[in-house]
A.B. asks: 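First, the structure itself, so that you have it in front of you.
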Amino acid sequence: MSSSCRRPEHMAPPEVFYNEEEAKKYSQNSRMIEIQTQMSERAVELLNLPEDQPCYLLDVGCGSGLSGDYLSEEGHYWAGVDISTAMLDIALDREVDGDLVLGDMGQGVPFRPGTFDGCISISALQWLCNADKRSHSPPKRLYTFFSSLYSSLARGARAVFQIYPENSEQLELITAQAMRAGFTGGMVVDYPNSSKAKKFFLCLFAGVSGVLPKGLGLETVDRNVPNQVQFTGQRSRFKNMKGKSAKKSKDWILEKKERRRRQGKEVRADTKYTGRRRRPHF
């Protein structure tokens, strides 16, 4: 599930990482455009929208509007939210059809209750699992986002998030906060046996419990490899539900040092002694 290469969310906050140079790639790189379009198509398929009926959809982390282009082609109306001004500037230059909003999804989405018929998000949700500022608490920011999204969706609507989870704990953190906000649903995994084609889609239901769609590539799936992870509104106890390492543990110390490095502060180098418990003095 995790990747050997350095993940973008570990390099800088999204509003810094997606600068003008990075934003241009999303309007010029044909491979990126193709992948984004394919994942948007799959996300809309999982929304299970009424046929031949235009809907009003929310695109969270809309970036330069590539997913919005697909929504427009399908005859839908849409609004997009993104934290990167550089990405939104590209979307404006491209004259996309949707309405664009500059905002941090961790502070909630600023729309009236029942506004949208559905929501999609491509490769954005995992950014909320990082604490880029001292005031950031990933569980709180996830809950704030999910609770405001739940309110802005019409009852019976779906929200589909394509995500790149770093590990199983991150998946548990995300689903726990979605459940707490009132959603039901679960994880749909396409091509679970493929290292390259494998994709995770969090499919959420607002107000009603629906049947979780099946993942693609089932004909080659090992019976022991699940392609769906479903949850309901029932309370569950998750390990590390708060998304934090035990205070003063080695992981906690390393996370704190890495967070300070991202903030540009001077931090001592990590060694084999970092986080090691010292013997008590008598």
Side-chain angles (χ1 to χ4, degrees), residues 7-9 11-47 49 54-112 115-130 132 141-142 144-146 148-149 151-154 157-164 199 201-202 204:
R7 297 168 65 93
E9 59 267 29
M11 297 172 70
E15 64 271 27
V16 175
F17 180 82
Y18 290 106
N19 53 25
E20 291 183 12
E21 181 182 352
E22 196 70 23
K24 286 180 181 178
K25 295 179 184 179
Y26 282 79
S27 60
Q28 299 173 353
N29 189 309
S30 58
R31 178 60 178 159
M32 280 187 176
I33 295 172
E34 180 186 2
I35 293 173
Q36 186 86 5
T37 303
Q38 289 174 352
M39 291 192 293
S40 301
E41 183 179 358
R42 176 59 171 152
V44 171
E45 179 184 342
L46 292 171
L47 282 181
L49 299 170
C55 296
Y56 190 35
L57 305 175
L58 175 62
D59 182 6
V60 176
C62 64
S64 59
L66 296 180
S67 296
D69 288 344
Y70 177 76
L71 297 179
S72 298
E73 289 173 7
E74 291 296 300
H76 301 300
Y77 304 100
W78 61 278
V81 178
D82 203 280
I83 196 172
S84 168
T85 53
M87 286 292 237
L88 293 178
D89 285 342
I90 295 289
L92 288 172
D93 291 341
R94 297 178 59 248
E95 298 182 344
V96 297
D97 294 327
D99 299 315
L100 303 174
V101 178
L102 176 65
D104 176 5
M105 60 180 174
Q107 295 179 357
V109 292
F111 301 103
R112 293 179 179 177
T115 298
F116 298 102
D117 302 310
C119 168
I120 68 167
S121 177
I122 307 299
S123 310
L125 187 60
Q126 67 269 9
W127 286 87
L128 287 186
C129 295
N130 268 31
D132 295 313
R141 284 168 58 76
L142 281 163
T144 298
F145 166 67
F146 280 127
S148 63
L149 176 64
S151 174
S152 70
L153 291 173
R158 295 186 183 188
V160 175
F161 300 85
Q162 185 276 322
I163 60 175
Y164 292 106
K199 291 291 182 293
F201 292 88
L202 179 63
L204 302 177

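Any value given below was found using the heavy atoms of this structure, including those in side chains, with hydrogens, waters and symmetry copies removed.
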A.B. asks: To the nearest 0.5 Å, how far apart are CD in Gln36 and CD in Gln38?
C.D. replies: 10.5 Å

A.B. asks: Under 3.5 Å, is there a donor-acceptor pair between the side chain of Asp117 and the main chain of Tyr56?
C.D. replies: yes

A.B. asks: Give me the atom names and distance for the closest heavy-atom approach of Leu102 to Ile83.
C.D. replies: CD1-O, 3.5 Å

A.B. asks: What distance do Leu49 atom CG and Glu74 atom CD have between them, rounded to the nearest 0.5 Å?
C.D. replies: 9.5 Å

A.B. asks: Are side-chain heavy atoms of Leu125 and Phe146 found at a separation under 4.5 Å?
C.D. replies: yes

A.B. asks: Report yes if the side chains of Ile120 and Leu57 come closer than 4.5 Å at any heavy-atom pair, otherwise no.
C.D. replies: no

A.B. asks: Determine the sole option in Leu58, Leu149, Leu153 for which the side-chain contact (heavy atoms from CB on, under 4.5 Å) test with Phe111 is passed.
C.D. replies: Leu58

A.B. asks: Taking the side chain as C-beta and beyond, is there a heavy-atom pair between Val160 and Glu45 under 4.5 Å?
C.D. replies: no

A.B. asks: Output yes when a side-chain donor or acceptor of Asp59 lies under 3.5 Å from a complementary backbone atom of Gly80, and no otherwise.
C.D. replies: no

A.B. asks: How close do Gly75 and Pro54 get, counting heavy atoms only, and between which atoms?
C.D. replies: O-CB, 3.2 Å

A.B. asks: Is there side-chain contact between Ile122 and Leu66, with at least one heavy-atom pair below 4.5 Å?
C.D. replies: no

A.B. asks: Can you measure from CD (Gln126) to CG (Leu128) and round to the nearest 0.5 angstrom?
C.D. replies: 9.0 Å

A.B. asks: Going from CD on Glu41 to CG on Leu46, what distance comes out if it is rounded to the nearest 0.5 angstrom?
C.D. replies: 11.0 Å

A.B. asks: If you measure from CE on Met105 to CG on Leu142, what distance do you get to the nearest 0.5 Å?
C.D. replies: 8.0 Å

A.B. asks: Sequence neighbours excluded, which residues qualify as ring pair (Phe, Tyr, Trp, His ring centres under 6.0 Å) partners of Tyr77?
C.D. replies: none

A.B. asks: Which heavy atom of Trp78 sits nearest a heavy atom of Gly65, and at what distance?
C.D. replies: CH2-CA, 4.4 Å

A.B. asks: Which atom pair, heavy atoms only, marks the closest approach of Ser64 to Val96?
C.D. replies: O-CG1, 4.0 Å

A.B. asks: Side chains of Phe145 and Val109, heavy atoms from C-beta outward: is any pair under 4.5 Å?
C.D. replies: yes

A.B. asks: Under the 3.5 angstrom rule, does the side chain of His76 hit a backbone N or O of Leu71 as a donor-acceptor pair?
C.D. replies: no

A.B. asks: Indicate the atoms forming the closest heavy-atom contact of Tyr70 with Val44, along with that distance.
C.D. replies: CE2-CG2, 3.9 Å

A.B. asks: Please report the interatomic distance CG(Leu88) to CG(Asp82), rounded to the nearest 0.5 Å.
C.D. replies: 5.0 Å

A.B. asks: Looking only at side-chain N and O atoms, does Thr144 offer a donor or acceptor that is under 3.5 Å from a partner on Gln107?
C.D. replies: no

A.B. asks: Where is the tightest heavy-atom contact between Phe201 and Met39, given as atom of each residue plus distance?
C.D. replies: CE2-O, 4.0 Å

